Amino acid sequence: MNDTTTTRRGFLLGAGGLALAGLAGCNTTARETARPAPPAEDPMFAQMYGPRPDEQFPLPEIPYQKIPRRFLRQMVANPTGERPGVIVVDVANHFLYLTYEDNQAMRYGVGLGRAGFEWSGRGVIQYKRQWPRWTPPDEMIARQPELEPYSSRNGGMEPGLKNPLGARALYIFKDGKDTIYRLHGSPEWWTIGKSVSSGCVRLLNQDIIDLYNRVPDGTPIVVTSLSPAQQGVPIGPAGVPVSGESYPVSQYGGGVVGDGLPQPVSSY
């Protein structure tokens with residue numbers, strides 16, 4: 001493994017660090033049908049999505065083998081046309097991109113708002129919070145009165161593993177006003193790649209921690225739809241786009257935030 005591969009791997013791993021098992025029969029007759037082998041473990045994904053015992057509320061590991069590979073964190077060719085240092089949410093394909101120099105972008109899989117609850121346009125990340133409280137807006141409480149105990153009048157929901165905002169939240173403002181939409185973590189890994197929320201953009205908890213560590217307050221954000229042809233392709237160890245999803249993901253990435261490599265915020 002060369003130095004380029006090692007450096008890029010560190011970058012993908014970022015600045016920081018529930019599945020039900022099916023019961024199988026034990027019949028061993030000659031006619032027993034061979035069971036499919038479990039998905040192969042990728043050491044880098046295992047590290048990225050492993051447990052985080054150092055968190056205020058320790059996070060369990062994510063069964064990343066059950067998530068489509070395209071929705072796992074990876075460096076890709078930048079398909080957005082945006083300058084470095086911009087968050088782009090692609091609602092058509094359930095991706096979030098953080099754009100970098102050299103026409104590259106970090107891509108994350110996301111869960112999005114169901115029909116009637118979407119927001120699009122340009123804004124900024126006004127501020128960020130670790131293990132935030134959750135205060136559902138009055139419009140949501142009107143639809144779901146059972147959420148009244150968590151209203152702003154009652155102080156919101158305490159942070160923790162059951163809090164809908166997860167481990168981190170990034171708050172989207174437009175023209176100086178709160179849009180009420182957030183980028184946030186979620187323990188519901190099975191919702192990534194789907195449209196199920198009340199409008200916010202949800203990431204795996206391990207991914208929102210990574211994104212939180214990469215962007216400062218004031219980061220521009222664009223919520224839009226890209227065509228399938230615009231989806232970024234993976235970047236190999238030599239910085240060259242690689243077609244398809246079969247390329248060894250352990251070859252991706254490079255350099256953690258703070259290691260002296262250029263970061264996207266330098267190009268705002």
Side-chain angles (χ1 to χ4, degrees), residues 5-17 39-52 55 59-80 84-90 93-100 102 104-112 128 166-170 183-194 201-215 219 221 226 231-237 239 241-242 244-259 261 263-264:
T5 300
T6 302
T7 303
R8 293 179 62 77
R9 173 181 294 177
F11 182 47
L12 182 58
L13 290 174
E41 180 169 301
D42 183 291
M44 191 178 66
F45 281 148
Q47 182 177 351
M48 286 197 300
Y49 296 114
R52 300 291 295 268
E55 283 291 321
L59 291 172
E61 65 180 342
I62 295 171
Y64 67 88
Q65 301 97 325
K66 297 189 175 185
I67 301 172
R69 192 182 184 101
R70 66 185 181 276
F71 293 129
L72 301 179
R73 187 194 324 161
Q74 53 194 285
M75 202 71 166
V76 300
N78 178 12
T80 71
V86 178
I87 294 172
V88 179
V89 179
D90 174 11
N93 300 294
H94 292 86
F95 291 136
L96 181 151
Y97 297 91
L98 174 61
T99 59
Y100 274 81
D102 300 322
Q104 298 185 27
M106 188 69 77
R107 189 179 74 189
Y108 309 80
V110 297
L112 297 168
K128 311 180 297 179
R168 304 287 189 274
L170 285 64
L183 309 180
H184 66 84
S186 174
E188 298 177 338
W189 54 265
W190 57 90
T191 65
I192 300 302
K194 298 179 174 63
V201 179
R202 59 174 61 186
L203 291 80
L204 299 169
N205 271 322
Q206 279 80 338
D207 280 349
I208 194 65
I209 291 172
D210 182 83
L211 181 64
Y212 177 100
N213 290 335
R214 292 181 186 275
V215 301
T219 297
I221 181 169
L226 302 179
Q231 295 180 38
V233 298
I235 295 292
V242 180
E245 294 186 345
S246 60
Y247 193 77
V249 73
S250 60
Q251 303 290 319
Y252 292 41
V256 297
V257 172
D259 66 358
L261 295 177
Q263 295 304 315

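Predicted model, so just to flag it, every value in this text is computed and none were measured.
The shortest side-chain heavy-atom distance between R52 and Q206 falls under the 4.5 Å cut-off. At least one side-chain heavy atom of L183 sits less than 4.5 Å from a side-chain heavy atom of I221. Side-chain contact between M48 and L72: absent, with no pair of heavy atoms (C-beta onward) separated by less than 4.5 Å. Between H94 and I192 there is no side-chain heavy-atom pair separated by less than 4.5 Å. Taking 4.5 Å as the limit, some side-chain heavy atom of R168 sits within range of a side-chain heavy atom of E55.
The minimum heavy-atom distance between I62 and L204, with the atom names listed, is CD1-CB, 3.8 Å. Closest heavy-atom contact between T219 and V215: OG1-CB, 3.5 Å. The two atoms that bring L170 and K128 nearest to each other are CG-CG, 3.9 Å, heavy atoms only. Between A46 and E41, the closest heavy-atom pair is CB-OE2, 3.7 Å.
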Exercise for the section: Please lay out, stage by stage, how T80 and D90 fare under the test side-chain contact (heavy atoms from CB on, under 4.5 Å). Expected result: CA-CA 9 Å; T80 71; D90 174 11; over 6 Å; no
Handout entry: Residues Y100, R214; criterion side-chain hydrogen bond (donor to acceptor under 3.5 Å, both in side chains); working and verdict
Key = CA-CA 11 Å; Y100 274 81; R214 292 181 186 275; 3.2 Å; yes
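In this structure, R73 is positioned above the aromatic face of Y49, its NZ or CZ under 6.0 Å from the six-membered ring centre and within 45° of the axis.
Between the N205 side chain and the A167 main chain, a donor and an acceptor come within less than 3.5 Å of each other. Listed for the T99 side chain is a donor-acceptor partner under 3.5 Å among the backbone atoms of G85. Side-chain atoms of D207 do not come within 3.5 Å of backbone N or O of G109 as any donor-acceptor pair. Remark: the backbone N or O of R69 is paired with a side-chain donor or acceptor of Q74 at under 3.5 angstrom.
Note: Y108 and Y97 fail the aromatic proximity criterion, with ring centroids not under 6.0 Å apart.
Atom CZ of residue R107 and atom CG of residue N78 lie 11.5 Å apart, to the nearest 0.5 angstrom. To the nearest 0.5 Å, atoms CG (N93) and CZ (F71) are separated by 8.0 Å.
Screening V88, I87, I208 for a side-chain contact (heavy atoms from CB on, under 4.5 Å) involving L96 leaves a single residue, I87.
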